Amino acid sequence: MAPSGSTLLSRAEHFIWLTARVLEQRRFEYHFLDGDPSTVETALDAYRNTDGGYGHALEPDLRGPVSQPLHTAAAVHVLDSIGRCAGQRVERIGRYLTAVSTRDGALPAVHPSLRGYPAAPFVPVVDSPPSDLLATGPVVGTLHRNGVWHAWLFRATDYCWETIERLDKTHPYEVLAALAFLEGVPDRSRARAAADRLGAVVREQRLVVTDPARTADFPVPEGYAPGEHHYVTDFARTPGALARRWFSDAEMDAGLDHLENRQQDDGGWPVDRRTWAPGTEVESRPRVTLDALLTLRAFGRL
């Protein structure tokens with residue numbers, strides 16, 4: 001039997017204070033203890049560089065000080081979550097995005113400036129990286145949702161639409177990036193249609209575990225770590241999410257039960273993806289724990 005919502009939250013709070021970076025501690029304060037969003041901004045500033053981008057292992061799998069698109073996508077997500085995705089800060093981010101864009105006007109997942117710094121072995125660093133939905137989709141969708149106007153968005157938006165609408169063979173992280181774009185883009189009817197088609201692809205390719213009691217029956221995508229599954233709560237994080245329509249009520253309830261039951265003895269949630277250095281797992285688990293708490297609260301489980 002899963003613990004009550006109050007017990008679950010209390011255990012998670014202890015885990016956050018015990019293990020989390022200052023940023024995740026401040027985010028927890030904001031979301032669950034009526035904290036000040038300005039303290040989250042201050043903590044996030046420690047990762048910001050003079051070029052307007054973010055570095056310093058904000059995304060734990062990429063180490064070193066240099067700005068990277070995936071770090072900057074993570075920063076935009078944090079700013080959005082506290083209602084501060086606007087103003088001069090976002091203008092500076094826009095200049096960085098423009099400077100590191102590919103010929104398509106989109107973002108590479110990893111900029112070559114990372115070379116020489118530690119990074120996950122599954123993160124390739126190449127001289128001329130291609131555009132990648134993993135970095136571009138979340139940034140574009142979040143900026144649109146916040147009503148941001150910036151010239152960079154025009155071509156990047158076109159890239160996301162074209163990439164998503166021709167997705168055939170895909171994988172869960174690319175699906176999540178596509179959903180992040182579709183949740184924020186202004187053309188809602190087109191977004192709903194694209195999400196419905198994407199959901200059919202996800203179900204057909206069995207990229208989501210719809211029955212946690214039979215997890216072993218679902219394949220792990222090629223290149224993923226053993227046991228690196230994705231569940232319904234990874235895609236549908238709120239009742240109003242586009243991906244919520246992909247799953248029945250019974251599948252959603254089973255997924256939420258499973259998410260509750262995955263809380264570990266120390267109060268945190270596990271990281272399913274491949275861990276390659278001790279520090280990356282320590283830094284990643286509080287982020288995963290915050291995601292779990294926010295999802296459970298959105299569905300009335302806290």
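None of the values given here were measured: they were computed from a predicted structure.
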Participant: Please tell me whether L62 and L134 are part of a single hydrophobic cluster in this structure, the criterion being side-chain heavy atoms less than 4.5 Å apart.
Facilitator: no
Participant: Are the charged groups of E165 and R197 less than 4.0 angstrom apart, N to O?
Facilitator: no
Participant: Do D187 and R192 meet the salt-bridge criterion of a basic N to acidic O distance under 4.0 Å?
Facilitator: no
Participant: Would you say D217 has more than 12 foreign heavy atoms packed within less than 6.0 Å of its CG?
Facilitator: yes
Participant: Is R26 salt-bridged to D36, cutoff N-O under 4.0 Å?
Facilitator: no
Participant: Sequence neighbours excluded and cut-off under 3.5 Å, please list the side-chain donor-acceptor pairs for residues 229-242, or say none.
Facilitator:
from	atom 1	to	atom 2	distance (Å)
D234	OD2	Y231	N	2.7
R237	NH1	T295	OG1	3.2
T238	OG1	A241	N	3.2

Participant: For the residue pair R63 and Y117, would you count it as a cation-pi contact if the rule is NZ or CZ under 6.0 angstrom from the ring centre and within 45 degrees of the ring axis?
Facilitator: no
Participant: Quick one: do D249 and R244 make a salt bridge, cutoff under 4.0 Å?
Facilitator: yes
Participant: Identify whether the distance between the nearest side-chain nitrogen and carboxylate oxygen of E228 and R273 falls below 4.0 Å.
Facilitator: no
Participant: If two hydrophobic side chains count as joined below 4.5 Å and joins carry through other members, does V209 share a cluster with L296?
Facilitator: no
Participant: Using the benzene-type ring in the case of Trp, are the ring centres of F15 and W269 under 6.0 Å apart?
Facilitator: no
Participant: Should the pair R155-D158 be classified as a salt bridge under the 4.0 Å nitrogen-to-oxygen rule?
Facilitator: no
Participant: Is the gap between the ring centers of Y224 and Y173 under 6.0 Å?
Facilitator: yes
Participant: Between H144 and T157, is a side chain to side chain donor-acceptor pair (under 3.5 Å) present by the stated rule, with each step listed?
Facilitator: CA-CA 9 Å; H144 275 307; T157 300; 2.9 Å; yes
Participant: With side-chain contact (heavy atoms from CB on, under 4.5 Å) as the criterion, how do R301 and D257 come out once you've worked through the C-alpha distance, each side chain's angles and the decisive distance to 0.1 Å?
Facilitator: CA-CA 9 Å; R301 295 292 185 109; D257 289 342; 2.8 Å; yes
Participant: Using a strict 4.0 Å threshold on nitrogen-to-oxygen distance, state whether R203 and E251 make a salt bridge.
Facilitator: yes
Participant: One thing to verify: whether D61 and R274 come together as a salt bridge, which I'm taking to mean a side-chain N less than 4.0 angstrom from a carboxylate O.
Facilitator: no
Participant: Please determine whether a side-chain nitrogen of the Lys or Arg among E59 and R287 lies less than 4.0 Å from a carboxylate oxygen of the Asp or Glu.
Facilitator: yes
Participant: Is there a donor-acceptor pair under 3.5 Å between the side chain of R11 and the backbone N or O of Q264?
Facilitator: yes
Participant: Between R95 and D51, does at least one N-O distance fall below 4.0 Å, as a salt bridge requires?
Facilitator: no
